[in-house]
2 protein chains.
Amino acid sequence: MNPQEIIINYARKLVPLTDEEGEQFAAAFKEQRVKKRQFIIQPDFTAKSRYFVLNGSLRAYVIGEEGQDHTIQLAVEEWWISDYNSYIFQQPARMFVIAMEDSLLFQLTHEQESRLKDENHKFETFFRMLAERSVAFMQRRIISSLTQSAEERYELFVEKYPAMAYRFPQYVIASYLGMTTEFLSKIRNQRVKPKS
Amino acid sequence: MNPQEIIINYARKLVPLTDEEGEQFAAAFKEQRVKKRQFIIQPDFTAKSRYFVLNGSLRAYVIGEEGQDHTIQLAVEEWWISDYNSYIFQQPARMFVIAMEDSLLFQLTHEQESRLKDENHKFETFFRMLAERSVAFMQRRIISSLTQSAEERYELFVEKYPAMAYRFPQYVIASYLGMTTEFLSKIRNQRVKPKS
DNA sequence: CTTCAGGAATGAAGTAGATTAGGAAAAGAA
DNA sequence: TTCTTTTCCTAATCTACTTCATTCCTGAAG
């Protein structure tokens, strides 16, 4: 399947599109290849685009006061990524977004997105649904961080996203779940051998 | 200002509306009076509506395994509240939403909202922007919970929402910020008298 | 003027998880 | 291959925060 087909299929999961509308939608995107460790968003620069992952994986993170790194979002195939606070309000970013592997992205600029939304009610609906899904996803993450222990959060994560749990290095998972890599290591090894 | 004017003014902060459109928008809402300690959403029931607070205050929370209560969202005048996971997908709720004071709400049912969005592109845009703002808000909360200590989270909260900090009882603030009421008490009193 | 309930303060003891410091093993790069 | 960098593990100590138990405070209801 080519990139255009992928994004059209994806969009059709949320809104019905005619073939013509599908093409129009896909035409707003631009392919972008990035290499491992390449940044696509950096603090102080405004995020001009959001990205749909066709292939590969990325990670969004912030650096805390004492230089500690906290993963805000992960993305693999068919996920979106950006610094949304920056993208939505077109203000300077606070986050880094970096490629974890050589990746192929579909870039959508803020301008192109605006144009799409103006052109067709269906596209506006699509982005509304996308945002609502993010709200639901983030709310689940907030509930998890309030109600569960480090171990429970990890178990839940592995259960829901087994593909990610072994695709990303451990320090990334740990900082996504809000714990240190050492502690995650302990959890992982405890699970294997409760008895010698 | 009457409720209709309030909601129209509010909507106009996000999208321009003619007088006629404003009236049409406001007509989708229904006034609802609730008394302190009254529930408007309960687990296992589907949240059929979202609520705009005209007057008063509410609190959304979940009950954890060991009966501990975790505040997910707070709402005062001009804020929205619901169990969004339930509302958006029209699935059974996990949360309680309860009035903290006698309140006056503007209720918008899922059906009415759908109708609005179908009727006019502007209304669809409005709800898209509302969802995007929630995403940005929640992302900030996630970053705060990952990067800051209990004390820092409290200071930030007081700074950004001073009105809320003293309107809600301490145990509500504590459970919203992810700490115990005892610990928040300690933080508060430490700040006042670093020296006798 | 009591009584009672919801909320806040305080202190002692316990624990989940962080920090620090060691080194081993994969994985790239040359 | 060898060198370097990145990732992972183990274990001891440390601390931010919880838990538990008790007392105090305030306002509303009888």
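As the structure is a prediction and not an experimental result, all values here were calculated from the model. Below, each value reflects all heavy atoms present in this structure, side chains not excepted, and no hydrogens, waters or symmetry copies. Reminder, nothing fancy here: chain letters follow the sequence lines and each chain counts from 1.
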- Who are the side chain to side chain contact (heavy atoms under 4.5 Å, CB included) partners of A/Ala47, not counting sequence neighbours? A/Ile41, A/Ser82, A/Ser86, A/Tyr87

- Rounded distance (Å) that lies between atom C1' of D/dA16 and atom CZ of B/Arg153: 10 Å

- With sequence neighbours left out, write down each residue that passes side chain to side chain contact (heavy atoms under 4.5 Å, CB included) with A/Asn2, or none if nothing qualifies. A/Gln4, A/Glu5

- Take atom CG of B/Leu146 and atom P of C/dA18, then tell me their distance rounded to the nearest Å. 11 Å

- Base, sugar-phosphate, or nothing for B/Ser149, non-hydrogen atoms under 4.0 angstrom? sugar-phosphate

- Message: If the cut-off is 4.0 Å, is A/Lys36 near the phosphate of C/dG28, judged by side-chain N/O to OP1 or OP2?
- Response: yes

- Query: So, A/Phe52 versus A/Phe29, ring centres under 6.0 angstrom or not?
  - Reply: no

- Note on the structure: Atom CZ of A/Arg167 and atom C1' of D/dT7 are separated, to the nearest Å, by 18 Å

- Between D/dA16 atom P and A/Glu66 atom CD, what is the distance in whole Å? 12 Å

- Task: Only pairs at least two apart or in different chains count here, so list each side chain to side chain donor-acceptor pair (under 3.5 Å) that has a residue in residues 53-70 of chain A.
- Result: A/Ser57-A/Glu101, A/Arg59-A/Asp69, A/Arg59-A/Thr71

- A/Phe183 has an atom CZ; how far is it from atom C1' of D/dT10, in whole Å? 14 Å

Produce the list of close N/O pairs, under 3.5 Å, pairing protein atoms with atoms of nucleotides 3-7 of chain C; give distances to one decimal.
from: C/dG7; atom 1: OP1; to: B/Tyr171; atom 2: OH; distance (Å): 3.4

- Message: Tell me the bend of the helix from C/dC1-D/dG30 to C/dA21-D/dT10 as the angle between end helix axes, each from five pairs, rounded to the nearest 10 degrees.
- Response: 30°

- Return the set of residues passing ring pair (Phe, Tyr, Trp, His ring centres under 6.0 Å) with B/Phe89 (not counting sequence neighbours), or none when no residue passes. none

- Treat primed atoms plus P, OP1 and OP2 as sugar-phosphate and everything else as base, then score nucleotides 20-30 of chain D 5' to 3': B for base contact with protein heavy atoms under 4.0 Å, S for sugar-phosphate contact only, - for none. B----------

- Item | Whole angstrom value for the distance that separates P of C/dG11 from CD of B/Gln190 | 12 Å

- Query: Between B/Thr180 and D/dT18, does any side-chain N or O lie under 4.0 Å from OP1 or OP2?
  - Reply: yes

- Message: Need one value for B/Gln68: base, sugar-phosphate or nothing, where a base atom within 4.0 Å counts as base even if backbone is also close, heavy atoms only.
- Response: sugar-phosphate

- Taking the six-membered ring where the residue is Trp, are the ring centres of A/Phe157 and A/Tyr176 under 6.0 Å apart? yes

- Just jot down the side chain to side chain contact (heavy atoms under 4.5 Å, CB included) partners of A/Ala75, sequence neighbours excluded, or say none. A/Val53, A/Trp79, A/Ile81

- Rounded interatomic separation in angstrom, taking CD1 from A/Ile187 and C1' from C/dG17: 9 Å

- Query: With sequence neighbours excluded, what pairs up with B/Thr125 under the side-chain hydrogen bond (donor to acceptor under 3.5 Å, both in side chains) test?
  - Reply: A/Glu124

- Would you mind reading off the distance between B/Met179 atom CE and C/dA9 atom P, rounded to a whole angstrom? 14 Å

- Item | Residues which pass ring pair (Phe, Tyr, Trp, His ring centres under 6.0 Å) with B/Phe123, listed by chain and number, not counting sequence neighbours | B/Phe25

- So, does B/Gln73 use its side chain to make a donor-acceptor pair with the main chain of B/Trp80 at under 3.5 Å? yes

- Note on the structure: Sorted by chain and number, sequence neighbours left out, side chain to side chain contact (heavy atoms under 4.5 Å, CB included) with A/Phe45 holds for A/Gln42

Report, one line per pair, each donor and acceptor closer than 3.5 Å where one atom sits in a side chain of residues 131-140 of chain A; sequence neighbours left out.
from: A/Glu132; atom 1: OE1; to: A/Arg128; atom 2: NH1; distance (Å): 3.1
from: A/Glu132; atom 1: OE2; to: A/Arg128; atom 2: NH1; distance (Å): 3.3
from: A/Ser134; atom 1: OG; to: A/Leu130; atom 2: O; distance (Å): 3.4

